[in-house]
Amino acid sequence: MTQPLKPVRVRFAPSPTGHTHLGSGRTALYDYLLARKTGGQFILRIEDTDRRRYVEGAEQELIDSLRWLGLNWDEGPDVGGPYGPYRQSERKEIYEHYAKQLIEKGHAYYCFCTPQVLEQARQEAQKRKELPLYPGTCRQIDPAEAARRVAAGEKHVIRFKTPESGSTSVTDLLRGTITVENSRIDDAILVKSDGYALYHLAAMVDDHLMKITHVIRGSEWLPSLPLHALIIRAFGWEEPVWVHLSVFLKPSGKGKMSKRESADLLKDGYSIFIKDLEDLGYIPEGVLNWIALMGWSYDDRTEFFTLPELVEKFSLDKLNPSPAAINFTKLDHFNGLHVRALDTDDLARRLKPFFERAGYTVDYDLLRKVVPLIRERVTVLTDAPEVAGFFFQETVRPDPQELVAKGLTPSQSAEVARRTYEVLSGLPNLCLETAEPPMRALVEEMGLSAGQVFGILRVAVTGQKVSPPLFESIELIPRETVLNRVSEAVKMLEDLAAAQG
Ligand code: GLU
């Protein structure tokens, strides 16, 4: 297989039926990469003809999620383009026109069978252990007679007329040629009784009119591929290159994730929906790197990719059709790598809303100074307020027990805190250079370990047992605030000693 060098036209064609899934993000990413790599176009088409499954707001979420990922399209419902409209619900007349054309060419027919008759035929086929295909009843109706019945207002659908004999072969780029007996292909409904075209017709018509060269879609469409090839050939159109991507399996690798399981995931801070990942503190760079490698690889070694690097390195022949188990540990890994690759201002800007959401009022200049201290400790952006919230509040509320140093009693710990206060309050300003040496001297003098003395100071000032580097942190907090926190700690320890004593 060689990389197509000619500019491609690819489309991402989601149905707005729910939240935007990782799988959609990946399909859109591969479309985007191929378009950008070849200097072609990436098109967004909204497939909203199934009005029963339509979910209000889903289209907006799709657009927001793709924009968040940074996958910008060249043509689409919101940006327009020469082949619009790009929303299938606005293309009803186009599909009607092409459905009629198929009828005129003898490749489609009106069907008047009622749901009851169809259900009965289905059950009988099942009893005979045959495929539940449409029995072809209305194929026999004379076209002029059928047209009269339609004109008289009789309820009907339009079906594709699959050839009765022979077989159909069609090639998928990743899976090779598939051949199916035509007797096993259903006379699928192309237009429903409400006049709306179904995917089988609408997508084929749109892909043709929009000059799509490569159809990249989920492998759930593979069983319909021979039917789609037949429809395209019935029109006499050229087929696109077909690429059916691998499916995503749940982390255990066993089966697809159910709705219930994806809801449970959220409790662990993970999600299969793009919008949730944003809320959970993942960054688009990390998510993109992660999903890019779920079904594609560059070589066995390179793992870290930015979007421009992916554009440069992407090729269809490295796609892998095997199912991919979703691995959230890898997501954390990639997110951490990309967080650390951001420059200070960029990371500070992205962190600010997460601090605010956690209830902190953020001074941006201070945040910029905090970022270098916490960068290594942030896997997801929501980690930051947990690690560094103490910079943005007046007081901290440590657990008094945590102020007690290992191997010391509360009253001994209180003594350490008092001596610490004396040392620090004697200094005109508190920074790494000025505060650390006298504190080390105090450790010596008291015959304790640095861990014991600095541990008390750390919990007193940050409220946490684990924190960014202690003296660098102290440097960023106003002197008065540091001293107040230490003196609060003295009181807490004295109270604890009294209560126990
Ligand atoms: N609307 C279809 C879906 O969301 C589109 C598949 C395609 O890309 O053709 O599954």
Side-chain angles (χ1 to χ4, degrees), residues 8-35 40-55 57-63 65-66 71 73 75-77 83 85-92 94-95 98 170 172-175 178 188-192 196-232 237 239-248 256-257 259 272-274 291 295 316 319 321:
V8 301
R9 284 183 58 81
V10 284
R11 85 296 189 281
F12 173 53
S15 302
T17 54
H19 295 304
T20 306
H21 185 273
L22 284 177
S24 298
R26 185 188 59 172
T27 306
L29 171 63
Y30 292 166
D31 278 321
Y32 172 92
L33 295 178
L34 193 61
Q41 286 90 40
F42 172 38
I43 294 133
L44 175 65
R45 183 173 78 218
I46 302 293
E47 303 207 323
D48 57 351
T49 56
D50 190 344
R51 303 316 281 178
R52 276 173 311 140
R53 293 182 59 221
Y54 183 81
V55 171
E59 179 181 325
Q60 193 53 48
E61 184 184 319
L62 259 161
I63 289 184
S65 291
L66 294 181
L71 305 176
W73 44 98
E75 299 168 27
Y83 300 96
Y86 292 91
R87 216 178 262 118
Q88 288 189 329
S89 57
E90 295 163 25
R91 298 171 66 82
K92 205 169 167 217
I94 300 176
Y95 308 132
Y98 283 97
V170 53
D172 171 87
L173 190 72
L174 309 181
R175 296 155 207 266
I178 301 158
I189 297 178
L190 302 179
V191 179
K192 290 180 295 174
Y196 275 103
L198 280 179
Y199 175 78
H200 303 312
L201 177 69
M204 299 314 116
V205 167
D206 288 347
D207 287 344
H208 170 70
L209 294 178
M210 296 178 181
K211 298 194 163 46
I212 300 302
T213 59
H214 292 64
V215 167
I216 302 177
R217 60 182 184 180
S219 61
E220 66 271 23
W221 292 108
L222 211 48
S224 314
L225 179 58
L227 169 71
H228 294 162
L230 281 174
I231 294 173
I232 292 175
W237 296 334
E239 264 174 72
V241 175
W242 302 103
V243 184
H244 291 84
L245 298 174
S246 60
V247 288
F248 281 172
K256 285 211 207 177
M257 192 155 316
K259 276 221 167 100
I272 54 168
F273 301 119
I274 310 278
I291 55 180
L316 287 173
L319 289 178

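Atoms within each ligand, like the ligands themselves, are counted from 1 in listed order. Keep in mind it's a predicted model, so treat the numbers as computed, not measured. Positions are given from 1 along the sequence.
Judged by a 6.0 Å distance limit and a 45° cone about the ring axis, Lys256 is not positioned over the six-membered ring of Phe248.
The aromatic rings of His228 and His200 sit tilted, their planes meeting at an angle between 30° and 60°.
Not counting sequence neighbours, the partners of Pro77 by the side-chain contact (heavy atoms from CB on, under 4.5 Å) test are Leu44, Ile46, Glu59, Tyr86, Arg87. Residues that satisfy the side-chain hydrogen bond (donor to acceptor under 3.5 Å, both in side chains) test with Ser15, not counting sequence neighbours, are absent from this structure. In this structure, the side-chain contact (heavy atoms from CB on, under 4.5 Å) partners of Ala202, at least two apart in sequence or on a different chain, are Gln88, Tyr95, Ala197.
The CG atom of Leu319 sits 6.5 Å away from atom CG of Leu245, with the distance rounded to the nearest 0.5 Å.
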Pick out the protein N or O atoms lying less than 3.5 Å from any N or O of ligand 1, and list each pair with its distance.
{"unit_1": "ligand 1", "atom_1": "1 (N)", "unit_2": "Ala13", "atom_2": "O", "d": "2.8"}
{"unit_1": "ligand 1", "atom_1": "1 (N)", "unit_2": "Ser15", "atom_2": "OG", "d": "2.7"}
{"unit_1": "ligand 1", "atom_1": "1 (N)", "unit_2": "Glu47", "atom_2": "OE1", "d": "2.6"}
{"unit_1": "ligand 1", "atom_1": "4 (O)", "unit_2": "Ser15", "atom_2": "N", "d": "3.3"}
{"unit_1": "ligand 1", "atom_1": "4 (O)", "unit_2": "Ser15", "atom_2": "OG", "d": "3.4"}
{"unit_1": "ligand 1", "atom_1": "8 (O)", "unit_2": "Arg11", "atom_2": "NH1", "d": "2.8"}
{"unit_1": "ligand 1", "atom_1": "9 (O)", "unit_2": "Arg11", "atom_2": "NH1", "d": "3.4"}
{"unit_1": "ligand 1", "atom_1": "9 (O)", "unit_2": "Arg11", "atom_2": "NH2", "d": "2.6"}
{"unit_1": "ligand 1", "atom_1": "9 (O)", "unit_2": "Tyr199", "atom_2": "OH", "d": "2.4"}
{"unit_1": "ligand 1", "atom_1": "10 (O)", "unit_2": "Trp221", "atom_2": "NE1", "d": "3.2"}

